[in-house]
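These notes are about the structure you will find just below.
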Amino acid sequence: MAATTPLYDTYMRAPLRFERGEGVWLIAEDGSRYLDFAAGVAVNALGHAHPHLVEALKSQADKVWHLSNLYEIPGQESLARRLTAVTFADRVFFTNSGAEALECAIKTARRYHFARGNPEKFHVITFEGAFHGRTIATIAAGGQQKYIEGFGPKAPGFYQVPFGDIAAVKDAINDETAAILIEPIQGEGGVRPVSKEFLQELRALCDEFGLLLILDEVQTGIGRTGKLFAHEWAGIRPDIMAVAKGIGGGFPLGACLATEEAAAGMVTGTHGSTYGGNPLAMAVGNAVLDVVLADGFLEQVRDVALVFRQGLASLKDRFPDVIEEIRGDGLLLGIKAKVPSADLLKAIRAEKLLVVPAGENVLRLLPPLITTAAEAREGLARIERAAEAVKSNSGNAAA
């Protein structure tokens with residue numbers, strides 16, 4: 001039987017087609033307006049068609065699109081200097097995606113130990129429920145069988161331990177351990193934050209055993225939690241960090257950040273990318289930082305996050321048969337449903353609100369960082385109507 005589409009059948013797409021966006025809104029082909037609290041899975045950090053980003057992209061498009069890394073690209077120098085000025089990092093490698101940023105982070109950690117005369121140190125401790133990307137290495141790092149199955153032997157060098165179990169981390173450390181890799185909040189895994197204390201304990205363990213601490217801030221970075229990066233809430237400094245999604249505001253862009261020491265093994269010829277750090281991406285990345293680093297921007301994110309948190313807590317109290325738990329920090333929030341999350345998702349979509357499924361029967365709310373308090377309240381009202389509909393349908397089914 002012939003396929004109905006020439007595309008790979010790897011996505012479960014919703015039957016929605018959007019032709020344009022304005023801020024926190026997406027407009028479908030039939031003119032319907034949807035409040036977008038999915039943000040392209042935490043990518044459209046500044047919403048849709050942000051004028052500063054549009055102008056930066058158009059301006060660069062009139063000059064040069066692609067050069068490759070055979071030549072110096074001024075936008076790379078500019079963005080790297082700005083990122084290192086506001087983070088722990090001394091070095092930056094630009095990529096096109098989060099998975100590529102994680103690949104670079106893993107290679108950087110392994111190469112660090114190799115360069116120090118310890119090639120046997122290549123194992124990375126990761127955590128159950130993690131998601132680090134879809135490449136052969138990053139699915140092994142994530143360790144979830146549903147992503148690994150059918151793609152041959154699991155790439156060696158990754159060892160999963162229970163989420164949040166510091167004793168299990170200590171027990172897993174041996175002479176082959178190179179690094180510990182963790183998301184400050186597991187997004188795909190069900191919006192599960194780790195505590196500040198746990199991140200601090202991981203930092204101490206890495207210092208004690210000569211390991212590198214790698215943070216996956218692909219989803220939590222660039223202001224998503226109300227600080228530029230989520231680990232800042234714990235007052236720690238990683239050795240290596242992968243970022244993507246929000247840093248490009250919708251344009252494909254990722255980066256691997258590292259200290260001078262951690263990056264010391266990444267010498268000429270050890271890593272590369274054809275498109276990574278291209279002029280278009282650099283123009284947009286710099287424009288994103290113009291907005292996110294502006295005075296008061298992150299404070300506004302924290303203020304709006306409080307509106308969301310309080311509103312969701314109220315909905316949980318009022319609909320205990322529909323909403324079991326509210327999770328997350330900042331504008332990375334999760335609704336753990338008491339009913340099948342697919343039922344709640346369907347009802348929310350019927351209210352023309354977009355959210356993102358996650359593990360553990362959770363729906364993610366990832367609104368653009370420019371969301372206002374009024375828009376947050378509008379979204380909460382739509383979730384309330386959806387919860388009421390689910391409650392009514394459950395009651396009718398029980399009857």
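Heavy atoms only: backbone and side chains are in, while hydrogens, waters and symmetry mates are out.
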Hey, any chance Ile247 and Val43 share a hydrophobic cluster, counting ILVMFWY side chains that come within less than 4.5 Å of each other, even indirectly? no
Would you find more than 12 non-hydrogen atoms of other residues, nucleotides or ligands less than 6.0 Å from Lys346 atom NZ? no
Shared-cluster residues of Phe122, by chain and number - hydrophobic side chains joined below 4.5 Å: none
Count the heavy atoms belonging to other residues, nucleotides or ligands that lie under 6.0 Å from OH of Tyr159, then report whether that count exceeds 12. no
Apply side chain to side chain contact (heavy atoms under 4.5 Å, CB included) to Ala389 and list each qualifying residue two or more places apart in sequence or on a separate chain. none
By side chain to side chain donor-acceptor pair (under 3.5 Å), Arg382 pairs with (sequence neighbours left out) Glu378
Applying side chain to side chain donor-acceptor pair (under 3.5 Å), can you list everything that pairs with Trp233, at least two apart in sequence or on another chain? Thr225
Tell me if a side-chain donor or acceptor on Arg327 pairs with a main-chain N or O of Gly190 at a distance below 3.5 Å. yes
Would you mind listing the cluster partners of Leu16? Hydrophobic ones only (ILVMFWY), side-chain contacts under 4.5 Å, chaining allowed. Phe18, Leu26, Tyr34, Leu354
Answer yes or no: are there more than 12 heavy-atom neighbours, outside Phe114 itself, under 6.0 Å from its atom CZ? no
Check: Lys338 main-chain N/O paired with Asn361 side-chain donor or acceptor under 3.5 Å: no
List the atom of Ile214, the atom of Ala109, and the distance in Å for their closest heavy-atom pair. CD1-CB, 3.8 Å
Can you list the residues that meet the side chain to side chain donor-acceptor pair (under 3.5 Å) rule with Arg134, with sequence neighbours excluded? none
Kindly check if the number of other-residue, nucleotide or ligand heavy atoms within 6.0 Å of CZ (Arg110) is above 12? yes
Which side-chain N or O atoms in residues 282-293 pair as donor and acceptor under 3.5 Å with protein atoms at least two apart or in another chain?
{"unit_1": "Asn286", "atom_1": "OD1", "unit_2": "Ser78", "atom_2": "OG", "d": "3.3"}
{"unit_1": "Asn286", "atom_1": "OD1", "unit_2": "Arg82", "atom_2": "NH1", "d": "3.2"}
{"unit_1": "Asn286", "atom_1": "ND2", "unit_2": "Gly75", "atom_2": "O", "d": "3.4"}
{"unit_1": "Asn286", "atom_1": "ND2", "unit_2": "Met282", "atom_2": "O", "d": "3.1"}
{"unit_1": "Asp290", "atom_1": "OD1", "unit_2": "Arg82", "atom_2": "NH1", "d": "3.1"}
{"unit_1": "Asp290", "atom_1": "OD1", "unit_2": "Arg82", "atom_2": "NH2", "d": "2.8"}
{"unit_1": "Asp290", "atom_1": "OD2", "unit_2": "His52", "atom_2": "NE2", "d": "2.7"}

For Val307 versus Leu380, what's the shortest heavy-atom pair and its separation? O-CD1, 3.8 Å
Does atom CD (Gln145) have a neighbourhood of more than 12 heavy atoms from anything else shown, all under 6.0 Å? yes
Does Asp317 CG have over 12 foreign heavy atoms under 6.0 Å away? yes
Between Ser59 and Glu55, is there a donor-acceptor pair closer than 3.5 Å when you use the side chain of the first and the backbone of the second? no
Check whether Lys245 reaches the backbone of Gly98 with its side chain - one donor and one acceptor, N or O, closer than 3.5 Å. no
So with a 6.0 Å cut-off around CD of Glu299, is the heavy-atom count from everything else above 12? no
Start with the C-alpha distance between Glu103 and Lys107, add both sets of side-chain angles, then the distance that settles salt bridge (Lys or Arg N to Asp or Glu O under 4.0 Å), and finish with yes or no. CA-CA 6 Å; Glu103 288 275 346; Lys107 290 178 71 173; over 6 Å; no
For Val92 and Ala255 the tightest heavy-atom approach is CG1-CB, 4.0 Å
Might you work through the salt bridge (Lys or Arg N to Asp or Glu O under 4.0 Å) test for Arg302 and Asp329, ending with a clear yes or no? CA-CA 9 Å; Arg302 294 192 291 270; Asp329 287 305; over 6 Å; no
With salt bridge (Lys or Arg N to Asp or Glu O under 4.0 Å) as the test, would you mind laying out the steps for Arg91 and Glu260 before giving the verdict? CA-CA 6 Å; Arg91 297 283 182 168; Glu260 189 76 40; 3.0 Å; yes
Contact summary for Ile326 and Arg309, nearest pair of heavy atoms: O-NH2, 3.3 Å
More than 12 foreign heavy atoms under 6.0 Å from CD of Glu19: is that the case here? yes
Test side chain to side chain contact (heavy atoms under 4.5 Å, CB included) on Lys121 and Tyr112 and set out the steps. CA-CA 9 Å; Lys121 288 183 173 292; Tyr112 165 82; over 6 Å; no
Tell me, please, which residues at least two apart from Asp30 pass side chain to side chain contact (heavy atoms under 4.5 Å, CB included). Ala28, Ser32
With a 4.0 Å cut-off on N to O distance, would you call Glu261 and Arg116 a salt bridge? yes
Are the side chain of Arg111 and the backbone of Gly265 linked by a donor-acceptor contact shorter than 3.5 Å? yes
With a 3.5 Å distance limit and no angle check, can you tell me whether Gln200 reaches the backbone of Ser195 through a side-chain donor-acceptor pair? no
Can Thr177 and Asn174 be counted as having a side-chain donor-acceptor contact under 3.5 angstrom? yes
Got a sec, which hydrophobics cluster with Met12, joining ILVMFWY side chains under 4.5 Å apart, including via others? none
Contacts of Glu375 that satisfy salt bridge (charged side-chain N to carboxylate O under 4.0 Å, His left out) - sequence neighbours left out: none
Please report the closest heavy-atom contact between Phe229 and Gly221, naming both atoms and the distance. CD2-CA, 3.6 Å
Could you state the interatomic distance from OG1 (Thr220) to CG (Leu332), rounded to the nearest 0.5 Å? 7.5 Å
Working for salt bridge (Lys or Arg N to Asp or Glu O under 4.0 Å), residues Arg224 and Glu217: CA-CA 10 Å; Arg224 178 59 50 188; Glu217 291 239 25; over 6 Å; no
As an exercise, state the distance from OG1 of Thr108 to CD1 of Ile240, rounded to the nearest 0.5 Å. 5.0 Å
Whether His271 and Phe93 hold their rings parallel, tilted or perpendicular, with breakpoints at 30° and 60°: tilted
Between Leu331 and Leu365, does a side chain to side chain contact (heavy atoms under 4.5 Å, CB included) hold up when you go through it step by step? CA-CA 7 Å; Leu331 294 182; Leu365 275 67; over 6 Å; no
Minimum heavy-atom distance Val169-Leu205, with the two atoms named: CG1-CD1, 3.8 Å
Glu188 side chain to Tyr147 side chain, donor-acceptor N/O pair below 3.5 angstrom: yes
Quick check against the 3.5 Å criterion: does Thr126 have a side-chain atom that pairs as donor or acceptor with the backbone of Ala141? yes
Could you list the residues that satisfy side chain to side chain contact (heavy atoms under 4.5 Å, CB included) with Arg237, not counting sequence neighbours? Phe88
Does any N or O in the side chain of Ser314 come within less than 3.5 Å of the main-chain N or O of Gln310, such that one atom is a donor and the other an acceptor? no
Is Asn69 reaching over with its side chain to a backbone N or O of Ser273, donor-acceptor style, under 3.5 angstrom? yes
Please enumerate all residues that pass side chain to side chain donor-acceptor pair (under 3.5 Å) together with His113, with sequence neighbours excluded. none
For the CG atom of Asp165 and the CZ atom of Phe198, what is their distance to the nearest 0.5 Å? 7.0 Å
Given the rule in the side chain to side chain contact (heavy atoms under 4.5 Å, CB included) test, do Phe319 and Leu344 qualify, once you have shown the distances and angles that lead to the verdict? CA-CA 12 Å; Phe319 297 96; Leu344 184 56; over 6 Å; no
